[in-house]
Amino acid sequence: MNNTEQQALFIIFGGTGDLAQRKLYPSLFNLYKRGYLKNHFAVIGTARRPWTDEHYHEVIKESIADLSDDEEKANDFASHFYYQSHNVNDTNHYVTLRDLADKLDEKYGLCGNRLYYLAMSPRFFGTICEHLKTQGIITKNGYNRVVVEKPFGHDYESAKALNDEIGSVFPERDVFRIDHYLGKEMVQNILAVRFGNSMFNAMWNNRYISNIQITLSEALGVEERAGYYETSGALRDMVQNHILQIVTLLTMNAPVSYSAEDISREKINALKSLKVYNADEVKENFVRGQYGNVAGLKAYRDEDQVASDSMTETFVAGKLAVENMDFAGVPIYIRTGKRMKEKATRIDVVFKQMPVVVFKDSCLKSDVLTINVDPEPGISIQLNTKKVGQNFDTESIDIGYSLSDEQKAEMPEAYERLILNALRGETMNFARWDELSYSWKFLDSIRKAWDDEDLSVVAFPNYACRTMGPKASDELLEKDGNHWEF
């Protein structure tokens with residue numbers, strides 16, 4: 001990979017926040033250690049808190065403490081950071097911000113390249129972008145790119161309004177909507193497995209695939225995000241973005257080339273092919289749940305900032321139908337939830353059994369390709385083989401590949417990868433507006449069906465902590481003659 005030094009000024013709105021300290025600063029430091037950032041970069045962190053540059057430097061060094069045992073290197077890295085107390089609604093504060101940005105551009109030789117990272121509530125995106133334009137912070141030389149975090153809207157209409165606000169200042173090519181799952185090593189491996197191997201490329205269709213299963217399970221509860229979660233739920237928090245992006249990579253047609261334009265075009269076509277369910281179909285094909293208590297763990301309704309009668313779902317399972325030539329008739333099963341048995345992100349591609357069973361007395365299992373995204377990245381294939389011995393009996397074995405410790409050490413963290421992509425102007429691993437618009441339209445039909453449902457028939461909580469969700473999730477597959485592989 002080209003490790004050319006990147007020259008840019010980062011302006012992070014929300015620079016004192018949890019995301020900045022847990023993800024952004026460590027990712028920038030990793031880029032610094034790997035040589036992608038050297039002398040020609042600077043960072044302005046903005047927020048309401050009245051911090052000094054000196055205090056900001058201490059915060060930076062604390063956030064990267066686990067990544068560095070070189071005090072001199074950590075100090076040098078932190079010296080590139082500047083703090084600006086800032087009210088996003090105050091025009092005068094943008095004038096001060098502009099003056100500091102121009103000063104740093106000259107000091108570090110940044111050529112007018114600026115990356116604006118909006119690590120704040122989406123309700124501020126519009127006013128920030130407008131002030132960046134009207135107060136002359138956007139440069140006429142160099143590039144100006146904006147990175148935005150989810151949630152990108154609450155439904156299609158709010159997402160469109162948000163997109164229109166940002167789009168009035170930044171063209172689509174300069175808008176980088178972060179979905180950190182697209183930066184994960186094994187999610188990026190999906191296209192390599194599909195289109196880089198003739199064996200799978202030939203079999204990746206409804207003639208050979210029985211079903212596909214996607215699981216994003218979390219062992220933790222909502223923790224400090226309960227206030228946000230009450231307005232979101234698992235459907236908006238996980239399905240609309242992470243899961244649907246994975247679905248598109250698994251079901252899209254082969255792109256003409258490995259380019260952002262061609263891949264995005266095929267992802268959009270895959271999203272267009274998703275069957276949008278009516279209310280009866282939602283009831284038939286989707287399950288929602290909420291975790292109850294278990295010894296030592298609270299029920300969702302007992303979490304801080306959660307209503308005692310909350311009907312917010314912490315679990316979603318569904319059966320998706322992709323109505324294109326290759327995947328018509330192949331159920332795509334998805335599930336995600338909080339307080340489940342373990343933390344895991346896993347994809348299982350279950351192949352059909354042989355139509356003619358030669359070994360009639362043997363218990364053959366379906367071949368399964370498994371892509372483990374987290375916590376142990378790797379790929380395995382479940383195959384039928386003969387058992388060792390005199391008799392001809394069969395057994396199922398796993399042939400697997402997992403990343404070595406050396407590979408894990410070299411593997412970029414998702415945010416590190418995506419920030420570098422944004423610096424380079426590479427849009428492939430970011431969601432475009434057309435993708436979001438189709439995903440919201442699909443999701444809105446499910447949300448509306450749930451919102452219109454008689455809540456007296458919804459029995460929450462309906463699964464215990466440390467389980468894999470409500471029983472109805474298993475039944476969703478069982479009625480098709482299938483079962484969860486994980």
Side-chain angles (χ1 to χ4, degrees), residues 6 8-15 19-20 23-24 27-28 43-44 46 88 94 97 101 112-183 236 240-242 244-245 248 259-268 271 414-441:
Q6 302 298 308
L9 171 65
F10 299 83
I11 301 180
I12 301 176
F13 293 88
L19 174 70
K23 295 294 185 181
L24 305 188
S27 294
L28 290 173
V43 181
I44 301 175
T46 76
V88 296
Y94 288 90
L97 183 62
N113 295 332
R114 293 185 180 174
L115 192 70
Y116 312 97
Y117 203 115
L118 308 189
M120 300 185 73
S121 169
R123 71 179 185 273
F124 298 120
F125 288 1
T127 189
I128 291 173
C129 290
E130 181 61 26
H131 278 94
L132 291 174
K133 178 180 179 181
T134 58
Q135 300 311 307
I137 297 174
I138 291 178
T139 59
K140 292 182 172 57
N141 58 313
Y143 62 72
N144 290 268
R145 297 168 186 155
V146 61
V147 181
V148 296
E149 283 282 341
K150 72 167 192 171
F152 198 87
H154 193 71
D155 54 17
Y156 171 76
E157 291 301 329
S158 61
K160 184 178 185 304
L162 189 61
N163 192 70
D164 290 345
E165 286 182 330
I166 297 172
S168 67
V169 178
F170 293 93
E172 177 67 20
R173 68 177 180 275
D174 292 329
V175 181
F176 293 76
R177 302 173 189 85
I178 283 272
D179 183 336
H180 70 276
Y181 271 73
L182 292 179
R236 291 188 176 108
Q240 183 271 329
N241 39 73
H242 307 324
L244 287 187
Q245 283 292 324
T248 61
S259 68
E261 286 296 327
D262 289 336
I263 288 175
S264 182
R265 184 182 302 111
E266 295 306 334
K267 288 171 68 179
I268 290 167
L271 286 165
Y415 272 92
E416 177 189 344
R417 187 195 304 274
L418 295 176
I419 289 172
L420 181 59
N421 288 163
L423 286 168
R424 290 171 164 171
E426 298 168 351
T427 61
M428 186 178 302
N429 298 317
F430 296 85
R432 298 196 181 186
W433 166 242
D434 283 350
E435 296 172 39
L436 287 179
S437 67
Y438 284 109
S439 68
W440 272 122
K441 289 174 182 177

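- Taking the six-membered ring where tryptophan is involved, the planes of His180 and His242 are perpendicular, since the angle between them exceeds 60° and thus also 30°.
- Atom OH of residue Tyr117 and atom CZ of residue Phe13 lie 13.5 Å apart, to the nearest 0.5 angstrom.
- Between the CG atom of Asn113 and the CG atom of Leu9 there is a distance of 9.5 Å, given to the nearest 0.5 Å.
- Atom CG of residue Leu115 and atom OH of residue Tyr143 lie 6.0 Å apart, to the nearest 0.5 angstrom.
- In this structure, CE in Met428 is found 9.0 Å from CG in Asp262, a value given to the nearest 0.5 Å.
- For the pair Leu420/Gln6, a side-chain contact is recorded, criterion being any heavy-atom separation below 4.5 Å from C-beta on.
- Residues Arg432 and Ser264 approach most closely at CD-OG, 3.3 Å, considering heavy atoms.
- A heavy-atom distance below 4.5 Å is found between the side chains of Leu118 and Cys129.
- Nearest heavy atom pair, residue Ile137 against residue Tyr116, reads O-OH, 3.3 Å.
- Nearest heavy-atom pair across Gly14 and Ala20 is O-CB, 3.8 Å.
- Judged by distance alone, the side chain of Trp440 and the main-chain N or O of Phe152 form a donor-acceptor pair under 3.5 Å.
- Partners of Glu426 according to the side chain to side chain contact (heavy atoms under 4.5 Å, CB included) rule, which considers only residues two or more places apart in sequence or in another chain, are Asn421, Arg424.
- In terms of modelled atom types and a separation under 3.5 Å, the side chain of Thr127 and the main chain of Phe124 share no donor-acceptor contact.
- Listed for the Arg145 side chain is no donor-acceptor partner under 3.5 Å among the backbone atoms of Asp174.
- When each of Val43, Ile44, Leu24 is tested with Phe10 by the rule side chain to side chain contact (heavy atoms under 4.5 Å, CB included), just one qualifies, namely Val43.
- Contact detail for Gly425 and Phe176: the closest heavy-atom pair is CA-CZ, 4.0 Å.
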Inset, instruction - Any chance you could lay out the side chain to side chain contact (heavy atoms under 4.5 Å, CB included) test for Gln240 and Leu436, step after step, and finish with the verdict? - result: CA-CA 8 Å; Gln240 183 271 329; Leu436 287 179; 3.4 Å; yes
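- Separation of atoms CD1 (Ile419) and OG (Ser27) is listed at 4.5 Å; rounding is to 0.5 Å.
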Inset, instruction - Any chance you could lay out the side chain to side chain contact (heavy atoms under 4.5 Å, CB included) test for Val88 and Met120, step after step, and finish with the verdict? - result: CA-CA 10 Å; Val88 296; Met120 300 185 73; 3.9 Å; yes
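- Annotation: salt bridge (Lys or Arg N to Asp or Glu O under 4.0 Å) contacts of Glu172 (sequence neighbours excluded): Arg177.
- Here the closest heavy-atom approach between residue Ala101 and residue Ile11 is recorded as CB-CD1, 4.4 Å.
- Side-chain contact annotation: Ser437 with Asp434, donor-acceptor N/O pair under 3.5 Å absent.
- Partners of Asn241 under the side chain to side chain contact (heavy atoms under 4.5 Å, CB included) rule, at least two apart in sequence or in another chain, are Lys150, Asp179.
- Arg114 and Thr139 share no donor-acceptor pair across their side chains, judged by distance under 3.5 Å alone.
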Inset, instruction - Just do the side chain to side chain contact (heavy atoms under 4.5 Å, CB included) check on Phe430 and Val175 with the steps written out, would you? - result: CA-CA 9 Å; Phe430 296 85; Val175 181; over 6 Å; no
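- Using a 3.5 Å distance cut-off with no hydrogens or angles, the side chains of Glu435 and Thr248 do not pair a donor with an acceptor.
- Within a 6.0 Å sphere centred on NZ of Lys441, other residues, nucleotides and ligands contribute more than 12 heavy atoms.
- The aromatic rings of His131 and Tyr94 sit parallel to each other, their planes meeting at less than 30°, with 60° as the upper class boundary.
- Here the straight-line distance linking atom CD of Glu165 with atom CD1 of Ile128 works out to 11.0 Å at 0.5 Å rounding.
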Inset, instruction - Show your reasoning for whether side chain to side chain contact (heavy atoms under 4.5 Å, CB included) applies to Ile166 and Val146. - result: CA-CA 9 Å; Ile166 297 172; Val146 61; 4.2 Å; yes
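- A salt bridge is absent between Glu149 and Lys23; no separation between the charged side-chain nitrogens and carboxylate oxygens falls under 4.0 Å.
- Here the shortest heavy-atom pairing between Ala422 and Val147 reads CB-CG2, 4.2 Å.
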